[in-house]
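Structure first, commentary second.
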There are 2 protein chains.
Amino acid sequence: MKTPPVTLITIAEKAGVSVMTVSRALNGEGAVAEKTRAKVRAIAAELGYSPNLSAKMMKGSRTNVIGILVNDLQSAVINEIIGAVSGAVRRLEMDLVIYNSIGGVDDAPNRGLGHMLQGLCDGLLLILPRISDVHLRQLEQRDLPVVLVNYWRPTQLPVVRGGNGDAAAAVTRHLLQLGHRRIGFIAGSAFTGQSQERQRGYEDALEGAGIAIDPALIAPGDFGRRSGYEAACALLTAADAPTAIFAANDEMAFGAIDAVRACGLRMPQDVSVVGFDDIPAAAHVHPGLTTVRQPLAAISEAAVRELLLRISGAGGEQQRVEFPSELVLRESTAKAPRRAGTAIQPPAPAGAGTRKRATRKG
Amino acid sequence: MKTPPVTLITIAEKAGVSVMTVSRALNGEGAVAEKTRAKVRAIAAELGYSPNLSAKMMKGSRTNVIGILVNDLQSAVINEIIGAVSGAVRRLEMDLVIYNSIGGVDDAPNRGLGHMLQGLCDGLLLILPRISDVHLRQLEQRDLPVVLVNYWRPTQLPVVRGGNGDAAAAVTRHLLQLGHRRIGFIAGSAFTGQSQERQRGYEDALEGAGIAIDPALIAPGDFGRRSGYEAACALLTAADAPTAIFAANDEMAFGAIDAVRACGLRMPQDVSVVGFDDIPAAAHVHPGLTTVRQPLAAISEAAVRELLLRISGAGGEQQRVEFPSELVLRESTAKAPRRAGTAIQPPAPAGAGTRKRATRKG
DNA sequence: GTGAAAGCGCTAACAG
DNA sequence: CTGTTAGCGCTTTCAC
């Protein structure tokens with residue numbers, strides 16, 4: 001029913017030429033008489049022809065589609081990256097398909113991923129904050145051009161990313177300049193190198209200022225708001241509590257802010273809070289969150305460019321590209337208070353305004 | 001280099017059977033000896049076989065992939081829908097591919113869309129807050145199972161969506177009960193029926209309460225935060241200003257809140273603000289935003305179910321499914337203040353804390 | 001229960 | 001410049 005599919009054959013018949021000529025005319029390659037080409041193109045346009053990708057990819061030729069493999073579409077950072085990649089891809093007159101390999105770390109080794117790998121895409125951009133090494137090894141084995149974007153684990157695959165260590169050091173120095181001496185750090189999960197690098201920057205800056213690193217000031221988190229809340233509660237209620245908290249990402253910083261309030265403290269007067277990522281909400285809250293902005297647009301563009309290089313076989317000279325991140329000062333940091341760290345009463349179990357992260361059964 | 005692709009042939013040779021048998025064994029269809037099947041499956045697993053979708057779709061058989069066509073990946077609502085759809089699809093052991101038809105309303109009629117239509121997906125979920133009628137007509141022509149999710153225009157295609165009118169009426173009645181008599185409404189863009197329906201609910205509730213609709217209280221917006229700010233400024237600085245503002249979505253409500261503050265007014269004491277959508281940020285701001293929550297999970301599941309029906313040819317008995325939305329009361333609404341609407345000084349051009357929407361050149 | 005043949009829409013390679 | 005042949009990996013149809 002409805003419209004029958006338009007194939008090269010349809011056009012060939014209507015134009016009175018062979019299928020091959022139509023193919024060449026439409027793809028702009030091979031020698032075709034200008035006149036023929038024009039005619040064929042006109043008919044194709046009229047009929048609303050769009051090439052059957054499946055057939056194209058079966059022949060192993062380029063599909064002009066690049067794929068994104070992502071496993072967390074909820075993340076503001078990732079959505080920004082995807083937006084930027086979309087733009088870049090579009091400017092190249094290519095198409096973009098996103099494969100959401102939701103689920104856990106070990107997900108989609110053969111499912112889905114396999115499908116995409118099987119030729120649909122010319123290349124793949126990986127935006128995987130949680131990727132397992134097993135999965136990564138599989139990708140290394142494959143003969144598909146691939147670039148890791150912003151999230152990585154040790155690998156030989158090319159990586160394009162924003163700076164973490166330098167910016168984290170800058171954050172820490174900023175806090176030091178404000179007179180803070182006990183600065184807490186809330187780490188993220190270890191599935192990506194991001195948190196470690198940020199922590200390293202924090203530690204380097206402290207050491208650079210001649211301040212010993214106190215393990216009691218480093219709390220574990222998982223990049224989720226809730227974990228930031230809990231980590232901050234732990235930090236703030238301990239003896240000799242920090243006067244500033246640096247969270248490895250904005251979400252956790254928000255949780256930390258919740259905790260500060262739940263502890264009856266003021267932000268930034270009593271406790272300064274800094275995040276990382278500069279997600280849109282960081283600018284929207286009051287007071288605005290001091291944080292770090294990664295140049296996601298530049299990262300995305302570069303990643304696409306890198307991928308294109310791999311696709312065209314000009315296999316990488318540069319295996320790792322890093323763009324410096326930038327400190328964004330807002331109102332969540334202030335001069336360190338005079339008080340020595342006094343022990344604080346722990347708040348009620350679930351802090352007001354704290355949103356529980358959705359937990360999925362299964 | 002690296003791993004050569006594993007095809008049915010590879011497996012057939014290794015198993016000492018024909019390609020056909022392998023195909024049947026793997027797909028579970030057709031009669032195959034249990035023994036053969038087990039053997040074939042074992043080899044397939046061992047070799048890490050994953051079927052070449054391209055070939056599959058070329059034969060027009062089902063690919064077990066469903067596609068999402070979306071044109072705004074920045075939207076929190078849409079991301080929530082996509083998350084829910086992902087889950088539903090996964091539970092069905094199918095795969096999901098997202099096609100981001102960014103750009104304008106008239107975009108992707110033949111590009112991209114065409115590709116997906118050409119068989120990659122068994123069916124398409126459309127999450128298109130901005131879709132043109134032209135585009136919609138094209139889709140209607142196509143012989144591909146399609147379901148519109150949450151956003152729609154007049155069409156014969158099936159639609160699964162959350163309620164708008166009833167919930168908007170509930171919001172309005174809530175404000176009326178708080179004593180508000182002059183309630184402003186900020187409309188969204190007209191590309192989807194959502195804004196109109198929400199406005200209708202607002203008007204119905206007012207009329208139901210015997211209050212005449214004042215066109216001066218209805219301001220145009222485009223669902224963006226900035227437009228909410230501007231619309232609210234206009235409402236608040238006019239003579240006989242409203243004591244409550246109902247924005248057609250949360251983003252605009254946030255803009256309205258910025259405006260309330262920029263005008264030197266307090267929220268909710270001087271002006272109550274209500275949004276629509278219950279995006280995560282609505283719960284995160286202080287005071288929390290009273291808004292409406294659409295049952296996105298239910299909507300998404302139903303949409304997938306509807307789509308599956310179409311795919312299996314059981315063409316729809318039900319063309320429109322609607323799930324009731326729910327009023328979420330938080331702290332942005334309060335009893336109407338005593339003051340008569342006094343004229344307010346307009347704020348400085350760009351309100352503090354207002355984030356300009358990114359404008360893309362080209 | 002299994003296999004052989006044909007063909008999906010397209011393009012690379014080689015004629016003409 | 002244009003046409004012919006062959007074949008990508010798979011499934012459908014029909015044979016054994």
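Chain letters run A, B, ... following the sequence lines, proteins first, then strands; residues in each count from 1.
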Sugar-phosphate means primed atoms, P, OP1 and OP2; the rest is base. With that split, encode nucleotides 9-16 of chain D 5' to 3' as B, S or - using protein heavy atoms under 4.0 Å.
BBBB----

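Following rounding to the nearest Å, B/I11 (CD1) and C/dT2 (C1') show an atom-to-atom distance of 17 Å. The interatomic distance linking A/E34 (CD) with D/dC1 (P) rounds to 9 Å, in whole Å.
In this structure, B/T36 reaches the C/dT2 phosphate: one of its side-chain N or O atoms is under 4.0 Å from OP1 or OP2. Listed pair B/T21 / C/dG3 meets the phosphate criterion, a side-chain N or O lying under 4.0 Å from OP1 or OP2.
A donor-acceptor pair under 3.5 Å is formed between the side chain of B/D122 and the backbone N or O of B/T63. Without hydrogens or angle criteria, A/T10 side chain to A/V6 main chain gives no donor-acceptor distance under 3.5 Å.
Between A/D133 and A/R153 a salt bridge is recorded (basic side-chain N to carboxylate O distance below 4.0 Å). Salt bridge A/E301/A/R91: present, at least one basic N to carboxylate O contact under 4.0 Å.
The distance from atom CE of A/M57 to atom CG of A/N64, rounded to the nearest 0.5 Å, is 13.0 Å. Separating the OG1 atom in B/T21 from the CD1 atom in B/I11 is a distance of 12.0 Å, to the nearest 0.5 Å.
Heavy atoms of A/A31 sit under 4.0 angstrom from at least one base atom.
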